[in-house]
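First the structure, in the form of structure tokens, and then the observations on it.
For the numbers below, each heavy atom of this structure counts, side chains included, while hydrogens, waters and symmetry mates do not.
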Amino acid sequence: MAATPAPHDPGPGETAPDAPLERLRIPAGPHTFDALACGPAGGEPVLLLHGWPEFADSWRAVLPALGAAGYRALAVDQRGYSPGARPPRIADYAVPELVADALAAAGTLGTGRFHLVAHDWGGIVAWALAGAHPERLASLTVLATPHPEALDRAAAGDPDQHRRLDYVRFFRRPDGAAEGALLADGAARLRAVYGGQVPADLVEANVRRLAQPGALTATLNWYRAPERVLSVPAGRITVPTLFLWGSEDPALGRTAAEATGEWVDGPYRFAELTGAGHWLPEEDPARVVPEILGHLAAHRRN
């Protein structure tokens, strides 16, 4: 399985023309994933998974730092986000399918262990992958998203966290109401999701890509595939783990964030980014990048 260079240059908002990034296409079974890569081919591998409604270029401030530090970093437009990986059924977006995609992408970096860095929904995939395949990981870094079991428990017992997930209940409706609401009035509600914390050019690029036929439905199917709201079995975590959480995150509250460590048996560090919100890779790279680099350096494979 080889990653091949794309035959076109990245468009506005996807990556700056002078950025030291490569745009790739990764075949995996019947699907082809778009991706961004940075760093020397022989560098220690790092896979980055984005959240909703983001793409690989949500990591555009992180990838060059990883590449400059000698890592081979790969960020993938995941299932539903890549036009070449957009199957039609809700069941096609179940977490085991998303974990398999992540492992396939990591396979293009080599057969050894890799570092996994993830945000938002990518974080749910990352927790599940780490629980099921710890032998594949050198380290785990998750931004914003608590361990799914901690989040599930908080949603059941903490009225504040239950309320914060009302948007997920809306997204899970299969009648197209969420798509219609998000894209109405020139996608005003979709733009509002970012809360003014994501650079405007990136927001516009995201909206343009999500407005393509079938794209937004495919990404919302991530929310619809679990049996219950964000209920994803993830298991206990034994790999070295860093969890970064913004104290002003409007969706993911303190109860689940502070309880996440109860599900990690390996080396663990919880770093609260005071004053930060949800969109950590885009809004706060000045704090996020050193945290990631420090964690990776402490758990190098060699």
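In this structure a side-chain-to-backbone donor-acceptor pair under 3.5 Å is missing from Glu44 to Ala73. Judged purely by atom type and a 3.5 angstrom limit, Arg228 has no side-chain atom pairing as donor or acceptor with the backbone of Asp152. In this structure, Arg79 contributes its side chain and Ala85 its backbone to no donor-acceptor pair below 3.5 Å. Of the possible polar contacts, one joining the His295 side chain to the Leu140 backbone as a donor-acceptor pair under 3.5 Å is found. Although no hydrogens or angles enter the test, the distance criterion places a donor-acceptor pair under 3.5 Å between the side chain of Glu283 and the main chain of Gly277. Of the possible donor and acceptor atoms, one in the side chain of Thr260 sits under 3.5 Å from a partner among the backbone N and O of Ala256. The main-chain N or O of Ala94 is never found under 3.5 Å from a side-chain atom of Glu97 such that the two would form a donor-acceptor pair. Put simply, the side chain of Arg209 never gets that close to the backbone of Ala215: no donor and acceptor are under 3.5 Å apart. At distances below 3.5 Å, at least one donor-acceptor pair connects side-chain atoms of Tyr93 with backbone N or O atoms of Pro87. A donor-acceptor pair is defined here as one N or O able to donate and one able to accept, closer than 3.5 Å; no such pair exists between the side chain of Ser139 and the backbone of His115.
Linking ILVMFWY residues whenever their side-chain heavy atoms come closer than 4.5 Å, directly or via other members, places Trp52 and Leu151 in the same cluster. Residues Val193 and Leu216 share a single hydrophobic cluster, defined by chaining ILVMFWY side chains whose heavy atoms lie under 4.5 Å apart. Linking Ile, Leu, Val, Met, Phe, Trp and Tyr residues whenever their side-chain heavy atoms come within less than 4.5 Å places Leu230 and Leu220 in a single cluster. In the hydrophobic clustering of this structure, Val229 does not group with Ile90; members are Ile, Leu, Val, Met, Phe, Trp, Tyr whose side-chain heavy atoms approach within less than 4.5 Å, directly or through other members. Linking Ile, Leu, Val, Met, Phe, Trp and Tyr whenever their side-chain heavy atoms come within less than 4.5 Å puts Tyr194 and Tyr223 in one cluster.
Put simply, the side chain of Leu116 does not reach to within 4.5 Å of the side chain of Trp127, judged on heavy atoms. Between Leu24 and Leu74, the closest side-chain pair of non-hydrogen atoms falls below 4.5 Å. Two residues are said to be in side-chain contact when any heavy atoms from C-beta on lie closer than 4.5 Å; Phe171 and Arg224 fail this criterion. Two residues are said to be in side-chain contact when any heavy atoms from C-beta on lie closer than 4.5 Å; Gln78 and Leu49 meet this criterion. When side chains are defined from C-beta on, Leu36 does not count as touching Phe55, because their heavy atoms never get closer than 4.5 Å. Between Asn206 and Asp57, some side-chain heavy-atom pair lies under the 4.5 Å cut-off. Under the 4.5 Å side-chain criterion, counting only non-hydrogen atoms from C-beta, Leu252 is in contact with Pro146. For the pair Leu293 and Tyr71, the minimum side-chain heavy-atom distance is below 4.5 Å.
Using a 4.0 Å cut-off between a side-chain N of Lys or Arg and a carboxylate O of Asp or Glu, Asp166 and Arg163 do not qualify as a salt bridge. With respect to Asp201 and Arg60, a salt bridge is recorded, a charged nitrogen being found less than 4.0 Å from a carboxylate O.
A 6.0 Å sphere centred on CG of Asp175 holds more than 12 heavy atoms belonging to other residues, nucleotides or ligands. The local environment of CD in Glu227 is sparse, with at most 12 non-hydrogen atoms from other residues, nucleotides or ligands closer than 6.0 Å.
Of all heavy-atom pairs spanning Leu296 and Thr141, the tightest one is CD1-OG1, 4.2 Å. Minimum interatomic distance between Tyr81 and Arg86 (heavy atoms only, all atoms of both residues): O-NH2, 3.1 Å. Looking at every heavy atom in both residues, Pro40 comes nearest to Gly67 through CD-O, 3.9 Å. Between Ala130 and Val239, the shortest heavy-atom distance links the atoms CB-CG2, 4.3 Å. Here the closest heavy-atom approach between residue Ile292 and residue Val117 is recorded as CD1-CG1, 3.9 Å. Residue Thr145 comes nearest to Asp120 through the heavy atom pair OG1-O, 2.6 Å, listed as atom of the first residue, atom of the second, then distance.
For the atom pair Thr108 OG1 and Leu103 CG, the distance stands at 11.5 Å (nearest 0.5 Å). For the atom pair CZ of Arg191 and CG of Leu182, the computed distance is 12.0 Å after rounding to the nearest 0.5 Å. How far CG of Asp158 is from CZ of Arg254: 12.0 Å, rounded to the nearest 0.5 Å. Distance check: Phe243 CZ to Glu272 CD gives 10.0 Å after rounding to the nearest 0.5 Å. Taken from CZ in Arg153 to NE2 in His147, the straight-line distance is 10.5 Å, to the nearest 0.5 Å. Here CD of Gln197 is found 10.0 Å from CH2 of Trp279. Values are rounded to the nearest 0.5 Å.
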Checklist entry - Where do Asp160 and Thr255 land on the side chain to side chain contact (heavy atoms under 4.5 Å, CB included) test, with the steps shown first? => result CA-CA 9 Å; Asp160 175 66; Thr255 300; over 6 Å; no
*Give the intermediate values and the outcome of side chain to side chain contact (heavy atoms under 4.5 Å, CB included) for residues Leu66 and Leu48.*
CA-CA 11 Å; Leu66 292 173; Leu48 300 100; 4.0 Å; yes
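Residues satisfying the salt bridge (charged side-chain N to carboxylate O under 4.0 Å, His left out) test with Glu282, not counting sequence neighbours, are none.
In summary, the side chains of His162 and Arg169 do present a donor paired with an acceptor at a separation below 3.5 Å, with no hydrogens or angles considered.
Residue pairs meeting the side-chain hydrogen bond (donor to acceptor under 3.5 Å, both in side chains) criterion with at least one partner in residues 237-252, sequence neighbours excluded, are Asp249-His278.
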